[in-house]
Number of protein chains: 2
Amino acid sequence: MPVGVSLKDIAKHAGVSLATVSNVVNGYRPVGEETRVRVQRAIDELGYSPNLSARHLRNGRTGIIALAIPELNNPYFAEVAGAAIREAGTHGYTLLLDYTDSDRQKELLLIEGIRERVIDGLILSPVQLGRADVLARRSDKPLVLIGESVYDVPHDHIAIDNVAASHVAVQHLVSLGRHRIAFIGAHPDVHRQPAHLRLRGYQEALSSAGLSFDPALVAVTAQFGRQDGLTGMRELLKLSEPPEAVFAYNDLIAIGAIRAIHEANLRVPQDVAVIGFDDIEDGRFATPSLTTISPDKESIGQLAVRSLIARVEGKHVSEPADIQTPFRLVTRESTIGR
Amino acid sequence: MPVGVSLKDIAKHAGVSLATVSNVVNGYRPVGEETRVRVQRAIDELGYSPNLSARHLRNGRTGIIALAIPELNNPYFAEVAGAAIREAGTHGYTLLLDYTDSDRQKELLLIEGIRERVIDGLILSPVQLGRADVLARRSDKPLVLIGESVYDVPHDHIAIDNVAASHVAVQHLVSLGRHRIAFIGAHPDVHRQPAHLRLRGYQEALSSAGLSFDPALVAVTAQFGRQDGLTGMRELLKLSEPPEAVFAYNDLIAIGAIRAIHEANLRVPQDVAVIGFDDIEDGRFATPSLTTISPDKESIGQLAVRSLIARVEGKHVSEPADIQTPFRLVTRESTIGR
DNA sequence: ATGAAAGCGCTAACAA
DNA sequence: TTGTTAGCGCTTTCAT
């Protein structure tokens with residue numbers, strides 16, 4: 001069942017040994033210039049590419065790393081994934097994109113290594129997992145975490161400073177002169193260790209602006225999609241004293257909220273100002289366009305891949321790090337009109 | 001570097017040969033009941049799971065199939081990809097998601113087998129590739145095509161009937177009493193063999209409605225994103241006699257177009273009615289919500305994966321087929337107001 | 001019904 | 001600098 005060109009074919013064609021060809025391909029030890037050229041030509045002519053299964057069988061690595069995001073069709077994750085795929089490619093790795101549907105079982109399966117035998121390591125953006133889950137993990141494949149959740153676990157973690165970013169977002173709404181500021185997108189579940197960071201930033205910002213925290217203005221959502229924003233906002237608009245501004249957990253929720261506000265025949269931002277989080281393209285083209293917190297998605301993807309590969313290759317012997325990436329406030333029509 | 005339990009470990013533990021353990025695991029040939037129980041117990045006790053690389057080295061397959069889409073953060077493709085990943089999983093395959101950025105070189109690399117040794121087969125949604133490119137391909141890994149382009153090439157192809165769907169879309173605009181109907185999103189490149197199907201459906205629908213075709217009402221775009229819709233619509237609005245309705249190549253273009261219409265202080269649908277194509281979630285939550293052609297994305301993903309796996313496993317010896325999947329018109333605010 | 005052994009393609013230890 | 005070879009874990013042919 002030999003279906004391709006193997007090292008042996010190249011060796012024969014170039015009149016050298018297997019080891020030499022391997023060294024031309026991998027560069028583990030020096031090869032004479034003349035030999036290298038000859039081998040390289042044979043490789044080009046016959047169209048050789050290494051058999052990964054064989055390589056893996058031999059050295060225990062597959063050259064494949066996985067990235068598991070909660071949902072494929074959340075543009076935020078799509079952008080992070082795009083950056084990660086590019087970065088993996090530049091290091092000679094293939095990135096396997098997977099998704100968890102924000103499902104606890106799937107997240108558990110992944111960290112326990114459902115693909116254990118296929119991948120060299122995993123980057124996970126957990127939603128439901130708790131600190132205990134991560135600590136209880138038995139797999140010895142490297143794991144890098146991205147996203148809001150910080151678990152204080154022995155793994156690299158890449159994220160923006162969610163508390164600070166949320167603070168900036170709410171501060172922006174305050175600066176508009178709004179006082180009743182709502183938050184949509186609190187987590188309903190109890191697995192998360194540290195309190196919900198964006199909610200905490202919201203509370204801190206209110207507090208430093210001298211505004212009181214009203215639990216009625218916090219809308220809990222099951223998921224983090226447009227539909228959840230729509231539902232959440234509808235609830236808030238039923239209040240006897242509805243909010244004048246909304247900080248949404250992410251842009252999708254914000255877009256759903258805007259839709260609900262329009263349904264109620266109110267205007268954005270005149271009646272209700274809305275700010276999101278993620279800076280996805282949808283928000284830039286929405287009507288009105290969406291003010292948001294813009295995280296550096298490119299560097300999140302890049303750093304996650306780099307950290308993981310460093311662990312996989314055992315070069316990176318440093319302590320697990322908590323790496324913070326930059327963010328900025330982008331003001332658009334949903335808060336400042338036009 | 002042995003990192004797990006191997007067949008040999010089980011064999012020793014159960015006091016049988018390697019072959020017997022393999023047969024308990026795979027069931028290629030019968031095993032005595034007593035032996036089977038003993039081996040199974042050893043497997044459970046030691047926690048054996050097969051080393052995929054070894055298995056694949058042996059039988060020439062990796063258990064990984066690839067799906068290459070033009071862009072990750074087009075929700076249409078994200079949904080198709082989600083369906084494909086699920087379907088692959090149910091067949092015991094892992095799906096590797098890749099993207100081409102609608103770049104001709106990347107598409108060529110993929111069909112020529114840049115990942116040749118990693119995957120058992122490829123599903124591709126081509127944008128730039130022409131019939132000749134596909135015919136010239138040398139790789140012998142199975143290839144399944146999805147999407148608008150039909151090349152009359154020897155590969156399975158899954159898509160909706162684009163001409164018919166476009167006809168329905170334009171017919172809907174005609175039924176609203178609009179006469180100047182524009183099309184945004186024509187392909188600028190020359191590689192595509194059959195003329196652009198959606199454009200053809202547009203022309204046919206105009207013709208059967210007794211409307212004349214005005215080339216000035218066709219906006220060519222470089223890509224198929226929101227920005228392209230925005231730019232294209234701006235051009236159309238500069239016409240001395242701007243359109244009363246727009247058929248966009250896809251929902252993203254439609255959303256960009258709506259943005260441009262709003263910028264010009266015109267209303268959708270009163271001044272310009274807009275219909276898209278794909279039925280992505282963005283359109284359902286846009287303001288106004290978007291009328292669109294809704295293809296059955298789930299079945300596109302499923303059928304593509306099933307066809308490919310059938311080819312990979314050599315079961316499916318039938319002729320390459322052109323499989324059409326269902327679609328329907330979904331009317332929303334962008335054409336019928338509210 | 002079961003076992004022994006070859007060999008898939010590759011890397012690395014050992015030799016030269 | 002280059003060659004030889006063992007062996008990673010598995011499936012499968014040939015023997016028993």
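Note that the structure is a prediction, hence the values are computed from the model and not measured. Here is the naming used below: chain letters follow the sequence lines, and residue numbers restart at 1 for every chain.
Summarising the geometry, atom CD1 belonging to A:I111 is positioned 11.0 Å from atom CZ belonging to A:R138; distances are rounded to the nearest 0.5 Å.
Put simply, the residue from A:I69, A:L129, A:V134 that forms a side chain to side chain contact (heavy atoms under 4.5 Å, CB included) with A:L124 is A:L129. Only one option out of A:H56, A:R55, A:R58 pairs with B:S53 in a side-chain hydrogen bond (donor to acceptor under 3.5 Å, both in side chains); it is A:H56.
When each of D:dT12, C:dC8, D:dG9 is scored by its nearest atom to the side-chain atoms of A:K8, the top-ranked nucleotide is C:dC8. The side chain of B:N51 has D:dG9 as its nearest neighbour among C:dA12, D:dG9, C:dC10. When distances run from any side-chain atom of A:P30 to the nucleotides C:dT2, C:dA1, D:dT1, the shortest one goes to D:dT1. With D:dT1, C:dA1, C:dA12 as the choices, the nucleotide that has an atom nearest any side-chain atom of A:Y28 turns out to be C:dA12. Here C:dT11 is the nucleotide among C:dT11, C:dG3, D:dT2 with the atom lying nearest to any side-chain atom of A:L7. Comparing D:dC10, C:dG9, C:dA12 by their nearest atom to the side chain of A:S6 picks out C:dG9. Here C:dC10 is the nucleotide among D:dT2, C:dC10, D:dG3 with the atom lying nearest to any side-chain atom of A:Y48. When distances are taken from the side chain of B:L57 to each of C:dC8, D:dC8, C:dT2, the shortest belongs to C:dC8. Minimum atom distance to the side chain of A:T20 is reached by D:dT2, of the listed D:dT2, D:dT12, D:dA6.
Residue B:R55 contributes atom CZ, which lies 14 Å from atom P of D:dG9 at whole-angstrom precision. Atom NZ of A:K12 and atom P of C:dG9 are 11 Å apart (whole Å). A:R36 has its CZ atom 10 Å from the P atom of D:dT1, to the nearest Å. In this structure, B:N59 places its CG atom 14 Å from P of C:dC8, rounding to the nearest Å. Rounded to whole Å, the distance from CD on A:E34 to C1' on D:dT2 is 13 Å. The distance between atom CG of A:N23 and atom C1' of C:dA12, rounded to the nearest whole Å, is 9 Å. Distance, B:L18 CG to D:dG9 C1': 9 Å, rounded to whole Å. Rounded to an integer number of Å, the gap from B:L46 CG to D:dG9 P is 14 Å.
Counting atom types as modelled, A:R29 pairs no side-chain N or O with a base atom of D:dT1 as donor and acceptor under 3.5 Å.
B:E71 meets the salt bridge (charged side-chain N to carboxylate O under 4.0 Å, His left out) test with no other residue; sequence neighbours excluded.
Mapping A:G32 and B:V25 onto DNA chain D by nearest heavy atom places A:G32 closer to the 5' end of the strand. Nearest-nucleotide positions on DNA chain C for B:A54 and B:V31 put B:V31 closer to the 5' end.
A sub-4.0 Å separation between OP1 or OP2 of C:dT2 and a side-chain N or O of B:T35 is present.
Side-chain contact check for B:V39 versus B:R36: every heavy-atom pair is 4.5 Å or farther apart.
Minimum interatomic distance between A:A68 and A:T100 (heavy atoms only, all atoms of both residues): CB-CG2, 4.2 Å.
A:N26 comes within 4.0 angstrom of sugar-phosphate atoms only, judged by non-hydrogen atoms across all strands, and of no base.
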